[in-house]
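This report refers to the structure that appears directly beneath it.
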Amino acid sequence: MKIRKVVCMLTLSTLLVSGCTSYQKSLYLQNEQVLNESLEGQLYDFRIMPKDELTIVVSTTDPEASAPFYRKIGQSKDGGSNSTMGMNDANLLSYLVDNQGNIDFPVLGMVKVMGLTNRECEALIREKLQPYLKETPNVTVRTSNYKFSVLGEVNAPGTYTTDAEKVTVFEALAQAGDMTLFSVRDDVQLLREDSTGVRRIYHLDLTQANVAQSPYFYLQQNDVLYVKPTKAKVNSNTFSGNASMWLTLLSVVTSITTFVLALTK
């Protein structure tokens with residue numbers, strides 16, 4: 001009896017420890033004191049990359065003066081109209097950043113913008129436009145095709161677009177309906193392609209608060225987040241598939257046995 005009690009106690013202790021471990025692994029942002037102790041902070045700035053699409057608006061007090069410096073649908077590159085569409089009602093064309101990091105801007109020609117923030121791009125275009133205008137123009141730059149993908153053990157995997165200039169890992173997961181209970185939270189994979197076309201995978205532990213200090217906490221254009229399933233989820237799916245096969249086989253064997261017994265009677 002004593003041995004049985006000891007075995008029961010050990011089994012119960014093991015179950016409790018494993019339960020606590022699973023619970024801890026399911027929590028985000030643990031050890032938050034790490035962030036409280038950090039005195040260093042840096043605001044994130046989105047930087048322009050090849051294949052980004054930029055919406056650029058140039059405006060002055062005299063609309064006619066700034067008109068040559070932006071294009072609309074139905075308007076040719078030199079500013080002329082090739083459509084009967086009213087230009088006041090037309091949508092602005094976006095500027096595609098090529099593989100060398102340039103955009104082809106009206107009058108100015110090729111302008112290198114790769115690696116710049118939107119504010120820095122505004123300042124650069126404003127400076128280049130100054131010789132052509134009698135006043136300092138107002139320049140606004142926005143990224144119009146910022147997208148990212150979330151795959152794996154989340155509730156709504158897919159590709160998402162946003163108008164925001166910065167998106168955190170948690171905001172991306174929120175867009176995808178958050179992780180399921182069968183996800184590996186301490187090793188989320190981030191696939192990223194840099195400006196030279198090199199692709200790398202980075203690993204993020206979302207159970208620890210210091211992930212907010214990671215250089216990969218903010219997503220970039222075309223980033224892919226992959227959330228791995230737990231071994232329990234994979235094993236359960238495998239067991240379910242095998243169980244279905246064995247149940248089918250057992251049903252067939254049972255039917256054949258019943259039929260044979262009926263014949264021998």
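Hydrogens, waters and symmetry mates are skipped; everything else that's a heavy atom, side chains included, is used.
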Original post:
Does a sphere of radius 6.0 Å around CD in Glu127 hold more than 12 heavy atoms from other residues, nucleotides or ligands, not counting ones at 6.0 Å or beyond?
Top reply: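 Counting other residues, nucleotides and ligands, CD of Glu127 stays at 12 neighbours or fewer.
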**OP:** Count the heavy atoms belonging to other residues, nucleotides or ligands that lie under 6.0 Å from NZ of Lys112, then report whether that count exceeds 12.
**Re:**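 More than 12 within 6.0 Å, yes.
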Taking all non-hydrogen atoms of both residues into account, name the closest pair between [X] and [Y] and its distance.
{"X": "Ser66", "Y": "Ser59", "answer": "OG-CA, 3.9 Å"}
{"X": "Ser94", "Y": "Thr55", "answer": "CB-OG1, 4.3 Å"}
{"X": "Phe105", "Y": "Val58", "answer": "CZ-CG2, 4.0 Å"}
{"X": "Leu219", "Y": "Tyr146", "answer": "O-OH, 2.6 Å"}
{"X": "Cys121", "Y": "Val141", "answer": "SG-CG2, 4.0 Å"}
{"X": "Ala172", "Y": "Phe148", "answer": "CB-CE1, 3.5 Å"}

**OP:** Following the transitive rule for hydrophobic clusters with a side-chain heavy-atom cut-off under 4.5 Å over Ile, Leu, Val, Met, Phe, Trp and Tyr, establish whether Val111 and Val139 coincide in one cluster.
**Re:**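 In one cluster: yes.
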**OP:** Decide whether Met114 and Tyr95 are clustered together by the hydrophobic rule: side chain heavy atoms of Ile, Leu, Val, Met, Phe, Trp, Tyr closer than 4.5 Å, transitively.
**Re:**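 They do not share one cluster, since no chain of ILVMFWY contacts under 4.5 Å joins Met114 to Tyr95.
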Contacts of type side chain to side chain contact (heavy atoms under 4.5 Å, CB included), residue [X], not counting sequence neighbours:
{"X": "Arg185", "value": "Tyr28, Met179, Ser183, Thr207"}
{"X": "Ala65", "value": "Thr60, Asp62, Leu133"}
{"X": "Tyr226", "value": "Leu151, Gln189, Lys228, Pro229"}
{"X": "Asp163", "value": "none"}

**OP:** Would you confirm whether the ring centroid of Phe46 sits within less than 6.0 angstrom of the ring centroid of Tyr218?
**Re:**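 For Tyr218 and Phe46, the ring centres are not under 6.0 Å apart.
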Subject >> Derivation and outcome, side-chain contact (heavy atoms from CB on, under 4.5 Å), residues Tyr44 and Phe217 >> reply: CA-CA 10 Å; Tyr44 173 82; Phe217 183 63; over 6 Å; no
Residue list, salt bridge (Lys or Arg N to Asp or Glu O under 4.0 Å) with [X], at least two apart or on another chain:
{"X": "Glu122", "answer": "Arg119, Arg142"}
{"X": "Glu171", "answer": "none"}
{"X": "Asp178", "answer": "none"}
{"X": "Arg126", "answer": "none"}

For [X], all residues meeting side chain to side chain donor-acceptor pair (under 3.5 Å), sequence neighbours excluded:
{"X": "Thr180", "result": "Glu153"}
{"X": "Glu32", "result": "none"}
{"X": "Asn145", "result": "Gln221"}

Original post:
Is Asp194 salt-bridged to Arg199, cutoff N-O under 4.0 Å?
Top reply: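 Looking at Asp194 and Arg199, the cut-off is not met.
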Original post:
Apart from Val184 itself, what residues make up its hydrophobic cluster, given side-chain heavy atom links below 4.5 Å?
Top reply: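 Val184 clusters with nothing; isolated.
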Original post:
Stepwise, does the side-chain hydrogen bond (donor to acceptor under 3.5 Å, both in side chains) test hold for Thr143 with Glu53?
Top reply: CA-CA 6 Å; Thr143 305; Glu53 293 180 8; over 6 Å; no
Subject >> Backbone N/O of Gly101 and side chain of Asp98: donor-acceptor pair under 3.5 Å >> reply: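 Indeed, once roles are kept as given, a pair shorter than 3.5 Å links the two residues.
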Original post:
Under the 3.5 angstrom rule, does the side chain of Glu120 hit a backbone N or O of Thr117 as a donor-acceptor pair?
Top reply: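 Answer holds: yes.
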**OP:** Decide side-chain contact (heavy atoms from CB on, under 4.5 Å) for Leu173 and Val154; before the verdict, give the C-alpha distance in whole Å, the side-chain angles of both, and the deciding distance to 0.1 Å.
**Re:** CA-CA 8 Å; Leu173 290 172; Val154 293; 4.1 Å; yes
**OP:** Evaluate the side-chain contact (heavy atoms from CB on, under 4.5 Å) criterion for residues Asp187 and Asp205: first the C-alpha distance (whole Å), next the side-chain angles of each, then the deciding distance (0.1 Å), finally the verdict.
**Re:** CA-CA 5 Å; Asp187 188 19; Asp205 183 355; over 6 Å; no
**OP:** Please determine, by modelled atom types, if Asn118 and Glu165 share a side-chain donor-acceptor pair under 3.5 angstrom.
**Re:**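 Side chains of Asn118 and Glu165: pair found under 3.5 Å.
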**OP:** Any chance you could lay out the side-chain contact (heavy atoms from CB on, under 4.5 Å) test for Met110 and Ile103, step after step, and finish with the verdict?
**Re:** CA-CA 6 Å; Met110 304 302 288; Ile103 58 172; over 6 Å; no
